[in-house]
Amino acid sequence: LMLAKQLLTTNQYVLIDRRDFIAQSTRLASPDAKDIRPTYFQAARALRADVILRGSLQSLSTGKQEVRQGGQEVDLSDVSLRIALEALNAFDGTVIAVSDGVAKNSFRQTQAVKTVLGEEDTLQLMEKAIASALPAVQAAVVSQLTKDKSQPVIALSVKTSSDPALVEID
């Protein structure tokens, strides 16, 4: 949802929730069609999507440095979150762009003050990481869509006495 939130800040994109689409199409399937679940590529093609976006959390890690100086003990804790974004061509599955984003935050822990990383802190790190990875993916997607729109479009009409006709195009 955080990726969708950042993409929807501009009105350039129409987003499709693949889980919702697949759930609806599975519900509409006949009772005889058991265990038939369309893949996200099939869902994207059915909805004529241009690009498939995938995001994943790569790591959430902490580091700690202990400093003892002048009778004082201080712990410096670092939290790092890394995400990866991938844009795939919805037609053939080729990778258009891959980008990763990293967000870091440091906490100073003393004898008197202890900080515990909360859910809101983690979500803010995730938003920062997505914001750092998204521009590279957006630029690659715009470039690919521009390239695709510049390709010539060919309309093919075949009339035959055979029904159904088998046509092979090389």
Side-chain angles (χ1 to χ4, degrees), residues 1-27 35 37-148:
L1 289 175
M2 288 183 194
L3 178 59
K5 178 181 165 185
Q6 290 190 25
L7 286 170
L8 290 175
T9 57
T10 64
N11 291 330
Q12 295 178 316
Y13 304 100
V14 175
L15 302 179
I16 303 164
D17 184 353
R18 120 187 111 76
R19 291 171 297 217
D20 183 49
F21 175 75
I22 290 175
Q24 287 183 25
S25 63
T26 305
R27 244 182 291 159
D35 297 331
R37 288 184 48 85
T39 66
Y40 59 90
F41 277 110
Q42 291 168 329
R45 286 186 194 122
L47 294 170
R48 300 179 52 87
D50 295 316
V51 176
I52 298 168
L53 291 177
R54 293 195 303 188
S56 62
L57 175 65
Q58 298 293 307
S59 68
L60 175 63
S61 61
T62 59
K64 185 176 177 180
Q65 181 180 15
E66 294 179 0
V67 179
R68 292 186 177 92
Q69 184 176 359
Q72 294 286 329
E73 289 186 27
V74 176
D75 293 338
L76 302 173
S77 298
D78 296 320
V79 178
S80 175
L81 186 137
R82 179 179 299 272
I83 59 105
L85 297 179
E86 184 178 35
L88 304 172
N89 185 316
F91 179 71
D92 60 8
T94 57
V95 178
I96 297 171
V98 176
S99 181
D100 68 331
V102 178
K104 296 179 181 182
N105 205 348
S106 296
F107 301 96
R108 184 171 180 238
Q109 312 267 33
T110 65
Q111 196 75 353
V113 177
K114 298 287 183 188
T115 303
V116 176
L117 186 66
E119 178 182 0
E120 187 62 31
D121 299 317
T122 307
L123 293 175
Q124 287 175 357
L125 284 174
M126 176 97 53
E127 283 182 348
K128 288 178 189 175
I130 290 171
S132 70
L134 196 54
V137 171
Q138 284 178 312
V141 166
V142 168
S143 173
Q144 181 68 35
L145 291 177
T146 303
K147 185 174 127 185
D148 288 348

(request) Would you give the length of the straight line joining atom CD1 of Ile96 to atom CG of Asp50, rounded to the nearest 0.5 angstrom? (result) 8.5 Å

(message) Can you list everything that forms a side-chain hydrogen bond (donor to acceptor under 3.5 Å, both in side chains) with Asp100? Sequence neighbours excluded, please.
(response) Arg82

(request) Answer whether the closest heavy-atom distance between the side chains of Leu3 and Leu134 falls below 4.5 Å. (result) yes

(request) Check Arg108, Gln65, Arg68, Gln69 against Val74 for a side-chain contact (heavy atoms from CB on, under 4.5 Å) and give me the one that passes. (result) Arg108

(request) For the residue pair Asp75 and Ser77, confirm or rule out a side-chain donor-acceptor distance under 3.5 Å. (result) no

(message) With rounding to the nearest 0.5 angstrom, report the CG to CG distance, Leu117 to Leu125.
(response) 7.0 Å

(request) Give, for atom CG of Leu8 and atom CG of Leu15, the distance between the pair rounded to the nearest 0.5 Å. (result) 4.5 Å

(message) Testing the basics here: between Phe91 and Arg45, what is the closest heavy-atom pair and its distance to 0.1 Å?
(response) O-NH2, 2.9 Å

(message) Rounded to the nearest 0.5 Å, what separates atom OG1 in Thr94 from atom CG in Leu88?
(response) 7.5 Å

(request) Kindly compute the distance separating CD (Gln109) from CD (Glu66), expressed to the nearest 0.5 Å. (result) 11.0 Å

(request) With the side chain counted from C-beta on, respond yes when Leu53 and Leu85 share a heavy-atom pair under 4.5 Å apart, and no when they do not. (result) no

(request) Considering non-hydrogen atoms only, spot the tightest contact between Ser99 and Ala133 and give its length. (result) OG-O, 3.1 Å

(message) Please evaluate residues Ile83 and Met126 with respect to the criterion side-chain contact (heavy atoms from CB on, under 4.5 Å), reporting the C-alpha separation (whole Å), side-chain torsions for both, the decisive distance (0.1 Å), and the verdict.
(response) CA-CA 8 Å; Ile83 59 105; Met126 176 97 53; 3.8 Å; yes

(request) Report yes if the side chains of Leu60 and Val79 come closer than 4.5 Å at any heavy-atom pair, otherwise no. (result) yes

(message) Are the side chains of Val102 and Gln58 in contact, using a 4.5 Å heavy-atom criterion?
(response) no

(request) Drop me the distance from Asn89's CG to Leu145's CG, to the nearest 0.5 angstrom. (result) 9.0 Å

(request) Scan for salt bridge (Lys or Arg N to Asp or Glu O under 4.0 Å) pairs involving residues 120-147, sequence neighbours excluded, and state none if there are none. (result) Lys5-Glu127

(request) List the atom of Ser132, the atom of Ala129, and the distance in Å for their closest heavy-atom pair. (result) OG-O, 2.9 Å

(message) Using a 3.5 Å distance criterion without hydrogens, assess whether the side chain of Ser143 forms a donor-acceptor pair with backbone atoms of Ala139.
(response) no

(request) Quick one: closest heavy-atom pair of Val137 and Ala97, and the distance? (result) CA-CB, 4.1 Å

